[in-house]
2 protein chains.
Amino acid sequence: MLILRIMQQLDATDLRILTTLCAQPKASAVAVATELGLSRNTVQTRIARLETSGALLPFEQRINPAALGFPLTSFVHIHIQQRLLQGIVAQLVKIPEIIEAHGITGSADILARVVANGAEELFRVNGRILAIDGVERADTSLSMAALIPLRTGSLMNQRLFARETSGTQTL
Amino acid sequence: MLILRIMQQLDATDLRILTTLCAQPKASAVAVATELGLSRNTVQTRIARLETSGALLPFEQRINPAALGFPLTSFVHIHIQQRLLQGIVAQLVKIPEIIEAHGITGSADILARVVANGAEELFRVNGRILAIDGVERADTSLSMAALIPLRTGSLMNQRLFARETSGTQTL
DNA sequence: CCAAGATAGGGCAGGTTGCCCAATTATTTA
DNA sequence: TAAATAATTGGGCAACCTGCCCTATCTTGG
(Lines give C-alpha, C1' and ligand atoms only; values in the text may rest on other atoms or scores of the structure.)
Protein backbone atom coordinates (compact mmCIF):
# COMPACT_ATOMS: atom_id res chain seq x y z
CA MET A 1 0.00 0.00 0.00
CA LEU A 2 2.85 2.30 0.61
CA ILE A 3 5.43 1.20 -1.86
CA LEU A 4 4.54 -0.41 -5.12
CA ARG A 5 5.58 -3.96 -5.78
CA ILE A 6 6.84 -2.67 -9.08
CA MET A 7 9.93 -1.68 -7.15
CA GLN A 8 12.09 -4.10 -9.05
CA GLN A 9 15.81 -3.72 -8.98
CA LEU A 10 17.06 -0.61 -10.62
CA ASP A 11 19.43 -1.14 -13.50
CA ALA A 12 22.76 0.51 -14.14
CA THR A 13 21.16 3.38 -16.02
CA ASP A 14 18.88 4.20 -13.11
CA LEU A 15 21.82 4.15 -10.76
CA ARG A 16 23.84 6.44 -12.98
CA ILE A 17 20.98 8.88 -13.14
CA LEU A 18 20.55 8.84 -9.38
CA THR A 19 24.25 9.27 -8.84
CA THR A 20 24.29 12.26 -11.12
CA LEU A 21 21.33 13.75 -9.33
CA CYS A 22 23.07 13.31 -6.00
CA ALA A 23 26.04 15.25 -7.27
CA GLN A 24 23.86 17.92 -8.84
CA PRO A 25 20.40 17.88 -7.29
CA LYS A 26 19.30 20.80 -9.40
CA ALA A 27 20.50 19.35 -12.68
CA SER A 28 17.85 19.42 -15.40
CA ALA A 29 16.88 16.31 -17.28
CA VAL A 30 18.72 17.70 -20.26
CA ALA A 31 21.88 18.18 -18.25
CA VAL A 32 21.76 14.66 -16.88
CA ALA A 33 21.10 13.28 -20.34
CA THR A 34 24.08 14.95 -21.96
CA GLU A 35 26.32 14.13 -19.06
CA LEU A 36 25.47 10.45 -19.26
CA GLY A 37 25.26 10.27 -23.01
CA LEU A 38 21.58 9.43 -23.01
CA SER A 39 18.63 11.04 -24.71
CA ARG A 40 16.50 13.50 -22.84
CA ASN A 41 13.49 11.26 -23.34
CA THR A 42 15.16 8.34 -21.67
CA VAL A 43 16.20 10.34 -18.65
CA GLN A 44 12.79 11.89 -18.19
CA THR A 45 11.09 8.53 -18.49
CA ARG A 46 13.44 6.97 -15.98
CA ILE A 47 13.10 9.74 -13.46
CA ALA A 48 9.34 9.65 -13.73
CA ARG A 49 9.41 5.94 -13.13
CA LEU A 50 11.71 6.30 -10.15
CA GLU A 51 9.28 8.71 -8.59
CA THR A 52 6.19 6.62 -9.12
CA SER A 53 7.82 3.34 -8.21
CA GLY A 54 8.79 4.51 -4.77
CA ALA A 55 12.51 4.62 -5.40
CA LEU A 56 12.43 8.25 -4.41
CA LEU A 57 11.24 9.01 -0.92
CA PRO A 58 9.13 12.10 -0.19
CA PHE A 59 10.71 15.52 -0.24
CA GLU A 60 10.07 15.72 3.49
CA GLN A 61 13.12 13.53 3.98
CA ARG A 62 15.37 16.36 2.98
CA ILE A 63 14.30 18.73 5.71
CA ASN A 64 16.78 19.05 8.53
CA PRO A 65 15.07 18.79 11.93
CA ALA A 66 17.87 20.83 13.44
CA ALA A 67 16.98 23.74 11.19
CA LEU A 68 13.43 23.47 12.41
CA GLY A 69 14.61 24.04 15.94
CA PHE A 70 15.16 20.45 17.06
CA PRO A 71 18.92 20.03 17.40
CA LEU A 72 18.78 17.07 19.77
CA THR A 73 18.29 13.54 18.51
CA SER A 74 17.65 10.54 20.68
CA PHE A 75 16.66 6.94 20.27
CA VAL A 76 14.03 5.53 22.56
CA HIS A 77 13.63 1.81 23.04
CA ILE A 78 10.07 1.12 24.02
CA HIS A 79 8.86 -2.03 25.74
CA ILE A 80 5.18 -2.68 25.42
CA GLN A 81 2.40 -5.13 25.92
CA GLN A 82 2.56 -6.48 22.42
CA ARG A 83 -1.14 -7.13 22.08
CA LEU A 84 -1.71 -3.39 22.40
CA LEU A 85 0.69 -2.46 19.60
CA GLN A 86 -2.00 -1.03 17.32
CA GLY A 87 -3.27 1.50 19.78
CA ILE A 88 0.18 2.40 21.00
CA VAL A 89 1.35 3.25 17.50
CA ALA A 90 -1.73 5.38 17.04
CA GLN A 91 -0.69 7.36 20.09
CA LEU A 92 2.95 7.58 19.10
CA VAL A 93 1.99 9.07 15.76
CA LYS A 94 0.40 11.93 17.63
CA ILE A 95 3.66 12.93 19.23
CA PRO A 96 5.30 15.25 16.72
CA GLU A 97 8.79 14.88 18.14
CA ILE A 98 8.76 11.21 17.22
CA ILE A 99 9.93 11.42 13.65
CA GLU A 100 10.45 7.73 13.04
CA ALA A 101 9.56 4.42 14.64
CA HIS A 102 10.21 0.79 13.88
CA GLY A 103 8.81 -2.40 15.25
CA ILE A 104 11.88 -4.44 16.04
CA THR A 105 13.08 -7.83 17.19
CA GLY A 106 15.05 -8.10 20.38
CA SER A 107 14.33 -7.14 23.94
CA ALA A 108 12.62 -3.87 23.05
CA ASP A 109 9.55 -3.80 20.85
CA ILE A 110 9.74 -0.36 19.30
CA LEU A 111 12.68 1.84 18.43
CA ALA A 112 11.69 5.47 18.07
CA ARG A 113 13.72 8.42 16.89
CA VAL A 114 12.90 11.50 18.90
CA VAL A 115 14.09 15.03 18.28
CA ALA A 116 13.86 17.97 20.65
CA ASN A 117 15.04 21.50 21.18
CA GLY A 118 16.46 20.69 24.58
CA ALA A 119 16.75 18.16 27.35
CA GLU A 120 13.53 19.24 28.99
CA GLU A 121 11.54 18.58 25.87
CA LEU A 122 13.13 15.18 25.64
CA PHE A 123 11.97 14.51 29.15
CA ARG A 124 8.49 15.68 28.33
CA VAL A 125 8.26 13.40 25.33
CA ASN A 126 9.50 10.51 27.38
CA GLY A 127 6.68 11.22 29.77
CA ARG A 128 4.12 11.25 27.01
CA ILE A 129 5.37 7.92 25.76
CA LEU A 130 5.22 6.35 29.20
CA ALA A 131 1.72 7.65 29.66
CA ILE A 132 0.44 5.59 26.77
CA ASP A 133 -1.59 2.59 27.79
CA GLY A 134 0.39 -0.57 27.25
CA VAL A 135 3.82 1.02 27.38
CA GLU A 136 5.87 -0.59 30.09
CA ARG A 137 9.27 1.00 29.74
CA ALA A 138 11.10 3.52 27.58
CA ASP A 139 14.88 3.65 27.54
CA THR A 140 16.37 6.76 26.00
CA SER A 141 19.76 6.94 24.33
CA LEU A 142 20.86 10.42 23.42
CA SER A 143 22.79 10.86 20.19
CA MET A 144 26.06 12.57 21.06
CA ALA A 145 27.39 12.54 17.53
CA ALA A 146 26.23 11.61 14.07
CA LEU A 147 29.22 9.43 13.27
CA ILE A 148 27.82 8.52 9.87
CA PRO A 149 25.06 10.77 8.59
CA LEU A 150 22.36 8.94 6.65
CA ARG A 151 23.79 7.97 3.28
CA THR A 152 22.85 5.82 0.32
CA GLY A 153 25.76 6.62 -1.92
CA SER A 154 27.66 3.69 -0.45
CA LEU A 155 24.84 1.40 -1.53
CA MET A 156 24.81 2.74 -5.06
CA ASN A 157 28.54 2.29 -5.42
CA GLN A 158 28.16 -1.23 -4.19
CA ARG A 159 25.53 -1.98 -6.79
CA LEU A 160 27.39 -0.38 -9.65
CA PHE A 161 30.58 -2.11 -8.64
CA ALA A 162 28.88 -5.46 -8.30
CA ARG A 163 27.40 -5.08 -11.75
CA GLU A 164 30.66 -4.22 -13.40
CA THR A 165 32.67 -7.01 -11.85
CA SER A 166 29.82 -9.49 -11.43
CA GLY A 167 31.74 -11.07 -8.58
CA THR A 168 31.02 -11.37 -4.91
CA GLN A 169 30.64 -8.06 -3.19
CA THR A 170 33.40 -7.10 -0.88
CA LEU A 171 35.13 -4.01 0.29
CA MET B 1 32.22 21.98 10.22
CA LEU B 2 29.31 20.04 8.92
CA ILE B 3 26.42 22.36 9.29
CA LEU B 4 26.81 26.08 9.15
CA ARG B 5 26.15 28.09 12.26
CA ILE B 6 24.15 30.32 10.00
CA MET B 7 21.43 27.80 10.52
CA GLN B 8 19.40 30.26 12.51
CA GLN B 9 15.86 29.43 13.22
CA LEU B 10 13.64 29.46 10.20
CA ASP B 11 10.79 31.92 10.23
CA ALA B 12 7.16 31.37 9.33
CA THR B 13 7.79 32.21 5.70
CA ASP B 14 10.48 29.55 5.40
CA LEU B 15 8.18 27.01 6.97
CA ARG B 16 5.36 27.86 4.63
CA ILE B 17 7.65 27.46 1.67
CA LEU B 18 8.91 24.12 2.91
CA THR B 19 5.41 22.93 3.61
CA THR B 20 4.35 23.84 0.11
CA LEU B 21 7.32 22.04 -1.34
CA CYS B 22 6.49 18.94 0.65
CA ALA B 23 3.03 18.91 -0.82
CA GLN B 24 4.30 19.62 -4.33
CA PRO B 25 7.96 18.71 -4.61
CA LYS B 26 8.01 19.66 -8.26
CA ALA B 27 6.37 23.02 -7.79
CA SER B 28 8.24 25.84 -9.48
CA ALA B 29 9.31 28.90 -7.54
CA VAL B 30 6.64 30.83 -9.36
CA ALA B 31 3.97 28.36 -8.31
CA VAL B 32 5.04 28.50 -4.67
CA ALA B 33 5.14 32.28 -4.79
CA THR B 34 1.64 32.70 -6.13
CA GLU B 35 0.26 30.05 -3.81
CA LEU B 36 1.72 31.79 -0.77
CA GLY B 37 1.12 35.30 -1.97
CA LEU B 38 4.79 36.16 -2.12
CA SER B 39 6.95 37.46 -4.91
CA ARG B 40 8.96 35.08 -7.00
CA ASN B 41 12.15 36.78 -5.95
CA THR B 42 11.47 36.22 -2.29
CA VAL B 43 10.76 32.56 -2.74
CA GLN B 44 13.86 32.01 -4.81
CA THR B 45 16.00 33.84 -2.31
CA ARG B 46 14.58 31.85 0.58
CA ILE B 47 15.01 28.51 -1.12
CA ALA B 48 18.57 29.34 -2.04
CA ARG B 49 19.26 30.25 1.55
CA LEU B 50 17.66 27.07 2.85
CA GLU B 51 19.94 25.06 0.64
CA THR B 52 23.14 26.81 1.60
CA SER B 53 22.32 27.04 5.29
CA GLY B 54 21.96 23.32 5.71
CA ALA B 55 18.23 23.34 6.29
CA LEU B 56 17.91 21.04 3.31
CA LEU B 57 19.73 17.76 3.58
CA PRO B 58 21.44 16.24 0.54
CA PHE B 59 19.36 14.73 -2.23
CA GLU B 60 20.82 11.36 -1.28
CA GLN B 61 18.35 11.27 1.58
CA ARG B 62 15.52 10.75 -0.81
CA ILE B 63 16.81 7.54 -2.30
CA ASN B 64 15.02 4.46 -1.05
CA PRO B 65 17.49 1.73 -0.01
CA ALA B 66 14.84 -0.86 -0.72
CA ALA B 67 14.75 0.20 -4.35
CA LEU B 68 18.50 -0.26 -4.48
CA GLY B 69 18.07 -3.87 -3.51
CA PHE B 70 18.33 -3.58 0.27
CA PRO B 71 14.85 -4.31 1.59
CA LEU B 72 15.97 -5.31 5.08
CA THR B 73 16.69 -2.73 7.75
CA SER B 74 18.25 -3.47 11.10
CA PHE B 75 19.65 -1.57 14.02
CA VAL B 76 22.91 -2.71 15.50
CA HIS B 77 23.97 -1.68 18.97
CA ILE B 78 27.71 -1.76 19.14
CA HIS B 79 29.72 -1.96 22.36
CA ILE B 80 33.31 -0.86 21.99
CA GLN B 81 36.47 0.05 23.79
CA GLN B 82 35.74 3.72 23.88
CA ARG B 83 39.32 4.86 23.50
CA LEU B 84 39.37 3.21 20.07
CA LEU B 85 36.30 5.05 18.81
CA GLN B 86 38.15 6.99 16.12
CA GLY B 87 39.54 3.98 14.36
CA ILE B 88 36.37 2.01 14.73
CA VAL B 89 34.32 4.68 13.04
CA ALA B 90 36.85 4.77 10.23
CA GLN B 91 36.24 1.08 9.69
CA LEU B 92 32.48 1.34 9.97
CA VAL B 93 32.42 3.98 7.25
CA LYS B 94 33.93 1.45 4.91
CA ILE B 95 30.99 -0.89 5.29
CA PRO B 96 28.51 0.25 2.67
CA GLU B 97 25.54 -1.45 4.28
CA ILE B 98 25.89 0.80 7.30
CA ILE B 99 23.95 3.80 6.14
CA GLU B 100 23.86 5.67 9.42
CA ALA B 101 25.60 5.61 12.79
CA HIS B 102 25.34 7.60 15.99
CA GLY B 103 27.50 7.80 19.06
CA ILE B 104 25.01 7.35 21.87
CA THR B 105 24.65 7.41 25.61
CA GLY B 106 23.51 4.32 27.41
CA SER B 107 24.83 0.80 27.60
CA ALA B 108 25.79 0.64 23.94
CA ASP B 109 28.25 3.09 22.40
CA ILE B 110 27.19 3.15 18.78
CA LEU B 111 23.84 2.67 17.15
CA ALA B 112 24.16 1.76 13.49
CA ARG B 113 21.49 1.39 10.85
CA VAL B 114 22.27 -1.49 8.55
CA VAL B 115 20.45 -2.45 5.38
CA ALA B 116 20.77 -5.68 3.46
CA ASN B 117 19.26 -7.72 0.68
CA GLY B 118 18.78 -10.72 2.91
CA ALA B 119 19.48 -12.34 6.22
CA GLU B 120 22.81 -13.74 5.08
CA GLU B 121 24.10 -10.34 4.16
CA LEU B 122 23.02 -9.08 7.55
CA PHE B 123 25.02 -11.85 9.10
CA ARG B 124 28.05 -11.01 6.99
CA VAL B 125 27.91 -7.36 7.97
CA ASN B 126 27.61 -8.33 11.58
CA GLY B 127 30.76 -10.33 11.15
CA ARG B 128 32.60 -7.45 9.60
CA ILE B 129 31.61 -5.22 12.48
CA LEU B 130 32.75 -7.74 15.06
CA ALA B 131 36.03 -8.12 13.25
CA ILE B 132 36.93 -4.50 13.85
CA ASP B 133 39.57 -4.00 16.47
CA GLY B 134 38.02 -2.59 19.63
CA VAL B 135 34.50 -3.82 18.98
CA GLU B 136 33.36 -6.00 21.84
CA ARG B 137 29.77 -6.77 21.02
CA ALA B 138 27.15 -6.08 18.39
CA ASP B 139 23.49 -6.67 19.10
CA THR B 140 21.23 -6.67 16.06
CA SER B 141 17.56 -5.74 16.09
CA LEU B 142 15.77 -6.40 12.85
CA SER B 143 13.13 -3.92 11.78
CA MET B 144 9.92 -5.83 11.25
CA ALA B 145 7.85 -2.81 10.37
CA ALA B 146 8.32 0.88 9.75
CA LEU B 147 5.60 1.97 12.13
CA ILE B 148 6.33 5.63 11.49
CA PRO B 149 8.34 6.38 8.35
CA LEU B 150 10.79 9.24 8.77
CA ARG B 151 8.80 12.45 8.82
CA THR B 152 9.35 16.12 9.56
CA GLY B 153 5.94 17.43 8.73
CA SER B 154 4.90 16.93 12.32
CA LEU B 155 7.71 19.22 13.42
CA MET B 156 6.74 21.94 10.97
CA ASN B 157 3.13 21.85 12.09
CA GLN B 158 4.30 22.15 15.64
CA ARG B 159 6.36 25.21 14.81
CA LEU B 160 3.72 26.92 12.76
CA PHE B 161 1.11 26.24 15.41
CA ALA B 162 3.34 27.57 18.15
CA ARG B 163 3.77 30.78 16.17
CA GLU B 164 0.10 31.34 15.60
CA THR B 165 -0.94 30.82 19.20
CA SER B 166 1.80 32.29 21.33
CA GLY B 167 3.53 35.21 19.76
CA THR B 168 6.66 35.01 21.87
CA GLN B 169 8.61 32.25 20.17
CA THR B 170 11.45 33.27 17.96
CA LEU B 171 10.96 29.82 16.57
C1' DC C 1 10.22 -14.01 -37.02
C1' DC C 2 7.20 -10.95 -34.76
C1' DA C 3 5.67 -8.12 -30.83
C1' DA C 4 6.82 -5.34 -27.05
C1' DG C 5 9.73 -2.21 -24.85
C1' DA C 6 13.50 0.96 -24.60
C1' DT C 7 16.16 4.59 -26.75
C1' DA C 8 17.36 8.31 -29.92
C1' DG C 9 16.17 12.42 -32.37
C1' DG C 10 13.46 16.11 -33.59
C1' DG C 11 9.74 19.70 -33.00
C1' DC C 12 6.93 23.26 -30.63
C1' DA C 13 4.42 26.31 -27.41
C1' DG C 14 4.50 27.91 -22.94
C1' DG C 15 6.44 28.19 -18.55
C1' DT C 16 10.62 28.94 -15.79
C1' DT C 17 15.11 30.20 -14.35
C1' DG C 18 19.00 33.49 -13.56
C1' DC C 19 20.32 37.75 -13.34
C1' DC C 20 19.79 42.57 -13.03
C1' DC C 21 17.74 46.85 -11.44
C1' DA C 22 14.84 50.25 -9.05
C1' DA C 23 11.23 51.26 -5.72
C1' DT C 24 9.05 50.19 -1.49
C1' DT C 25 8.56 48.47 3.07
C1' DA C 26 10.02 46.68 7.45
C1' DT C 27 13.63 46.39 11.00
C1' DT C 28 17.58 47.75 13.39
C1' DT C 29 20.66 50.64 15.39
C1' DA C 30 22.85 54.73 16.62
C1' DT D 1 13.57 59.69 16.24
C1' DA D 2 16.15 59.66 12.28
C1' DA D 3 19.37 57.25 9.61
C1' DA D 4 21.10 52.90 8.10
C1' DT D 5 20.33 48.14 6.81
C1' DA D 6 17.89 44.22 5.28
C1' DA D 7 13.85 42.16 3.08
C1' DT D 8 10.36 42.27 -0.38
C1' DT D 9 8.31 43.50 -4.61
C1' DG D 10 7.57 44.28 -9.53
C1' DG D 11 9.30 44.32 -13.88
C1' DG D 12 12.25 42.92 -17.83
C1' DC D 13 14.90 39.75 -20.87
C1' DA D 14 17.45 36.01 -23.02
C1' DA D 15 18.35 31.29 -22.55
C1' DC D 16 16.73 27.21 -21.13
C1' DC D 17 13.66 23.55 -19.81
C1' DT D 18 9.41 20.90 -19.58
C1' DG D 19 5.53 18.41 -21.32
C1' DC D 20 3.68 16.33 -25.05
C1' DC D 21 3.67 14.30 -29.54
C1' DC D 22 5.50 11.53 -33.29
C1' DT D 23 8.81 8.41 -35.77
C1' DA D 24 12.75 5.43 -36.56
C1' DT D 25 15.99 2.21 -34.76
C1' DC D 26 17.40 -1.53 -31.90
C1' DT D 27 17.02 -5.19 -28.36
C1' DT D 28 14.93 -8.82 -26.22
C1' DG D 29 12.03 -12.55 -25.38
C1' DG D 30 8.37 -15.59 -26.90
Side-chain angles (χ1 to χ4, degrees), chain A residues 4-56 58-59 62-63 67-69 156 159-160 162-164 166, chain B residues 4-56 58-59 62-64 67-69 156 159-160 162-164 166-171:
Chain A
L4 308 181
R5 289 282 133 272
I6 316 168
M7 199 172 65
Q8 319 140 330
Q9 297 290 21
L10 308 183
D11 65 13
T13 302
D14 289 312
L15 292 178
R16 295 206 304 151
I17 292 175
L18 286 176
T19 304
T20 303
L21 282 178
C22 282
Q24 302 144 21
K26 315 209 63 175
S28 66
V30 183
V32 176
T34 57
E35 187 166 329
L36 296 182
L38 298 171
S39 82
R40 175 174 75 98
N41 272 324
T42 301
V43 174
Q44 283 187 312
T45 305
R46 296 287 191 139
I47 292 180
R49 187 196 305 159
L50 290 173
E51 285 173 342
T52 61
S53 72
L56 283 183
F59 176 85
R62 284 195 59 191
I63 298 177
L68 259 31
M156 291 198 282
R159 278 282 165 267
L160 279 174
R163 283 188 166 278
E164 288 163 8
S166 80
Chain B
L4 307 182
R5 286 283 132 273
I6 314 169
M7 198 173 66
Q8 318 141 332
Q9 301 292 25
L10 308 183
D11 66 11
T13 302
D14 289 311
L15 292 179
R16 295 205 304 150
I17 293 175
L18 286 177
T19 304
T20 303
L21 282 179
C22 282
Q24 302 145 18
K26 314 208 65 173
S28 67
V30 183
V32 176
T34 55
E35 186 166 330
L36 297 182
L38 299 171
S39 81
R40 173 175 76 100
N41 272 324
T42 301
V43 174
Q44 283 186 314
T45 305
R46 297 289 191 135
I47 293 180
R49 186 197 303 159
L50 289 173
E51 285 174 342
T52 62
S53 72
L56 283 184
F59 176 85
R62 284 194 59 191
I63 298 177
N64 189 341
L68 258 30
M156 292 198 283
R159 280 286 168 255
L160 279 174
R163 278 202 155 264
E164 288 163 7
S166 82
T168 332
Q169 321 241 356
T170 313
L171 188 47

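The analysis underlying the following values was restricted to heavy atoms, covering all of them including side chains, and did not include hydrogens, waters or symmetry mates. Letters A, B, ... mirror the listed sequences (proteins, then strands); counts begin at 1.
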From the list [options], which nucleotide is the closest neighbour of the side chain of [X]?
X: Arg40(B); options: dG10(D), dT17(C), dA7(D); answer: dT17(C)
X: Val30(A); options: dA8(C), dT18(D), dT9(D); answer: dT18(D)
X: Asn41(A); options: dT17(C), dA8(C), dT8(D); answer: dA8(C)
X: Arg49(B); options: dA8(C), dT8(D), dA6(C); answer: dT8(D)
X: Leu38(A); options: dA8(C), dT8(D), dT17(C); answer: dA8(C)
X: Thr42(A); options: dC17(D), dA8(C), dT9(D); answer: dA8(C)
X: Gln44(A); options: dA7(D), dG19(D), dG18(C); answer: dG19(D)

- Message: Base, sugar-phosphate or nothing for Ala31(A)? Non-hydrogen atoms, less than 4.0 Å.
- Response: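 Touches nothing.
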
- Query: Is a donor on one side and an acceptor on the other found under 3.5 Å between the side chain of Arg159(B) and the backbone of Leu68(A)?
  - Reply: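 Present.
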
- Which residue lies more 5' along DNA chain C, comparing Ala29(B) with Arg46(A) via nearest heavy atoms: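 Per heavy-atom nearest nucleotide, the more 5' residue is Arg46(A).
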
d([atom1], [X]; [atom2], [N]) in whole Å:
X: Glu35(A); N: dC17(D); atom1: CD; atom2: P; value: 13 Å
X: Asp14(A); N: dG5(C); atom1: CG; atom2: P; value: 17 Å
X: Ile47(B); N: dG18(C); atom1: CD1; atom2: C1'; value: 14 Å
X: Lys26(B); N: dT18(D); atom1: NZ; atom2: P; value: 8 Å
X: Leu50(A); N: dA6(C); atom1: CG; atom2: P; value: 13 Å
X: Leu36(B); N: dT8(D); atom1: CG; atom2: P; value: 13 Å

- Task: Using a cut-off of strictly less than 4.0 Å, decide whether Ser28(B) has a side-chain nitrogen or oxygen near OP1 or OP2 of dG15(C).
- Result: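 No.
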
- Query: Closest approach of Val43(A) and Ala29(A), non-hydrogen atoms and distance?
  - Reply: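 Looks like CG1-O, 3.9 Å.
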
- Where is the tightest heavy-atom contact between Ile63(B) and Cys22(A), given as atom of each residue plus distance?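 That would be CD1-SG, 3.6 Å.
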
- Item | Residue whose nearest DNA chain D nucleotide is more 5′ - Thr45(B) or Ala27(A) |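 The 5'-side residue here is Thr45(B).
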
- Task: Apply salt bridge (charged side-chain N to carboxylate O under 4.0 Å, His left out) to Asp11(A) and Arg46(A), showing your working.
- Result: CA-CA 10 Å; Asp11(A) 65 13; Arg46(A) 296 287 191 139; 2.9 Å; yes

- For side-chain contact (heavy atoms from CB on, under 4.5 Å), just list the numbers for Leu36(B) and Thr42(B), CA-CA rounded to whole Å, side-chain angles, deciding distance to a tenth of an Å, and then say yes or no. CA-CA 11 Å; Leu36(B) 297 182; Thr42(B) 301; over 6 Å; no

